[in-house]
Amino acid sequence: HVHLDGAIKPETILHFGKKRGIPLPGDTVEDLLELISYSEPLTLTQFLEKFALYMPAIAGDRDAVRRIAYEFVETKAKEGVIYVEVRYSPHLLANCKVHPVPWDQEEGDLTPDEVVHLVNQGLQDGERDFNIKARSILCCMRHMPSWSLEVVELCKKYQNNTVVAIDLAGDELVSETFPEHRKAYEEAERCGIHRTVHAGEVGPPSVIKEAINVLKTERIGHGYHVLEDPALYRELLSKKMHFETCPWSSILTGACDPDFRKHPLIQFRKDKANYSLNTDDPLVFNSSIETDYRIAKQSLDFTEEEFKRVNINAAQSSFLPEKEKKELLSKLYEAYGMVPNNPS
Ligand SMILES: O=c1[nH]cnc2c1ncn2[C@@H]1O[C@H](CO)[C@@H](O)[C@H]1O
């Protein structure tokens with residue numbers, strides 16, 4: 001679980017800000033990070049406002065969009081990741097055929113459709129140069145129901161051309177789930193497009209229930225607040241529902257109590273739930289996968305065995321076609337010194 005637009009290199013933001021004459025809140029990487037990233041809890045809404053500080057430098061520029069995708073793959077390869085599903089909203093990177101045009105940009109000629117094409121190119125160039133596998137997930141935004149039907153159409157158009165799934169991101173407390181989101185997810189299911197939904201990150205268990213029963217989601221983005229509904233939690237445990245958890249993010253967005261002893265991951269681990277460890281928005285959280293692993297190890301007492309189990313869960317719950325999923329699992333079993341087909 002990682003957002004492309006939350007995983008941009010600060011150097012790249014500075015480069016395009018300068019090149020395009022777009023004012024930024026700082027001239028050096030240090031100054032920029034000082035304002036964009038943070039390390040004490042805010043609310044999810046306050047966190048989401050951070051994107052407005054730097055997205056104008058990237059959105060609407062073809063080179064920038066292709067480059068952030070390419071560099072993303074490079075960063076993940078350096079972190080030792082061998083497979084990643086990166087998510088973003090095509091509309092938030094466009095400046096044409098998108099209403100309203102985001103980030104106070106002037107109208108231009110980069111459409112959401114072309115954004116997906118450019119991200120695909122960047123990801124594919126990255127796959128080739130850095131020798132890992134990258135797929136993408138297109139996000140609907142909670143507050144922008146008018147974009148959702150186009151999002152699912154883009155998923156269809158680019159299905160298996162890096163795009164493997166649809167997501168619903170943004171502030172889950174904004175309102176009830178709009179009918180347009182429901183229609184987009186219905187169409188996704190009909191067309192065999194995988195589905196994940198941000199739910200129970202800061203919202204109540206009812207948002208998770210709706211994601212499952214109405215949006216037919218196959219994974220839950222975050223999902224920490226499932227623990228407030230023990231019956232729902234038991235049901236999801238028995239169904240082996242996958243939770244895409246993001247430890248450091250969960251503290252900085254105010255989703256979870258900053259006291260790690262009370263963290264939902266402790267319960268998930270005890271119950272051997274199906275979950276993964278993820279970064280979410282490493283630019284804004286000034287982090288890498290190392291940060292989240294360190295928290296799991298030092299504050300949540302994770303063992304080597306649990307790390308392995310969690311990554312095998314992640315691969316098993318990935319949105320790859322079966323054959324590629326098997327190949328990914330074999331690589332993990334081999335790296336972890338486990339006997340294939342008989343992971344113990
Ligand atoms: O933790 C999160 N919860 C909900 N929405 C998020 C989170 N991180 C990022 N985004 C939202 O998803 C959009 C597409 O990538 C981002 O622009 C941001 O608005």
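Predicted model only: the values in this text are computed from it and were never measured. The first residue of the sequence shown is numbered 1, and numbering continues consecutively from there. Every number for a ligand or one of its atoms is a count from 1 in the order of the listing.
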>> Is the positively charged end of Arg309 above the ring of Tyr336, judged by distance under 6.0 angstrom from the centroid and angle within 45° of the axis?
In response: no
> So, His242 and Ser276: side-chain donor and acceptor under 3.5 Å apart, yes or no?
Replying inline: yes
>> For Glu71 and Thr12, which I'm curious about, is there any donor-acceptor pair between the side chains at under 3.5 Å?
In response: yes
> Backbone or side chain, does any N or O of Asp280 fall under 3.5 Å from an N or O of ligand 1?
Replying inline: yes
>> Parallel, tilted or perpendicular: which one describes the rings of His198 and His3, with boundaries at 30° and 60°?
In response: tilted
>> So for Arg142, does at least one of its heavy atoms come nearer than 4.0 angstrom to any atom of ligand 1?
In response: no
> Taking the non-hydrogen atoms of Gly170, is any one of them nearer than 4.0 angstrom to ligand 1?
Replying inline: yes
> Met55 near ligand 1, heavy-atom distance under 4.0 Å?
Replying inline: no
> Which of the listed options, Glu172, Met141, Glu49, holds the heavy atom that is closest to atom 13 (C) of ligand 1?
Replying inline: Met141
>> Can you confirm whether the side chains of Asp292 and Thr279 place a donor and an acceptor under 3.5 Å from each other?
In response: no
>> Within the 4.0 Å heavy-atom shell around Phe47, which atoms of ligand 1 are there?
In response: 1 (O), 2 (C), 7 (C), 8 (N)
> Counting from 1, what ligand 1 atoms have a heavy atom of His222 closer than 4.0 Å?
Replying inline: 1 (O)
>> To check your reading of the model: name the closest protein heavy atom to atom 3 (N) of ligand 1, its residue, and the distance in Å.
In response: Glu201 OE1, 2.8 Å
> Does a donor on one side chain sit under 3.5 Å from an acceptor on the other, for Thr217 and Thr196?
Replying inline: no
>> If you compare all heavy atoms of Ala77 against all heavy atoms of Phe130, which two are closest, and at what distance to 0.1 Å?
In response: CB-CB, 3.7 Å
>> With a heavy-atom distance limit of 4.0 Å, tell me whether Leu4 approaches ligand 1 through its side chain, its backbone, both, or neither.
In response: neither
>> With a 3.5 Å distance limit and no angle check, can you tell me whether Glu85 reaches the backbone of Arg135 through a side-chain donor-acceptor pair?
In response: no
> Under 3.5 Å, is there a donor-acceptor pair between the His91 and Glu150 side chains?
Replying inline: yes
> Atoms of ligand 1 less than 4.0 Å from Leu92 heavy atoms?
Replying inline: 17 (O)
>> Side chains of Thr177 and Glu210: any donor to acceptor distance under 3.5 Å?
In response: yes
> So between Asp171, Val2, Leu48, whose heavy atom ends up nearest atom 11 (C) of ligand 1?
Replying inline: Leu48
> Would His117 and Glu114 count as having a side-chain donor-acceptor pair, cut-off 3.5 Å?
Replying inline: no
> In the protein, what heavy atom is nearest to atom 8 (N) of ligand 1, and what distance, to one decimal place, separates them?
Replying inline: Asp281 OD2, 2.8 Å
>> If I apply the N/O under 3.5 Å rule, does Asp5 come out as touching ligand 1?
In response: yes
> Nearest to atom 10 (N) of ligand 1, what protein heavy atom do you find, and at what distance?
Replying inline: His3 CE1, 3.4 Å
> Near Ser89, which atoms of ligand 1 are under 4.0 Å from a heavy atom of that residue?
Replying inline: 14 (C)
>> Using a 4.0 Å cutoff against the non-hydrogen atoms of Tyr88, which atoms of ligand 1 qualify?
In response: 15 (O)
>> Within the structure, is a non-hydrogen atom of Leu44 found at a distance of less than 4.0 Å from ligand 1?
In response: yes
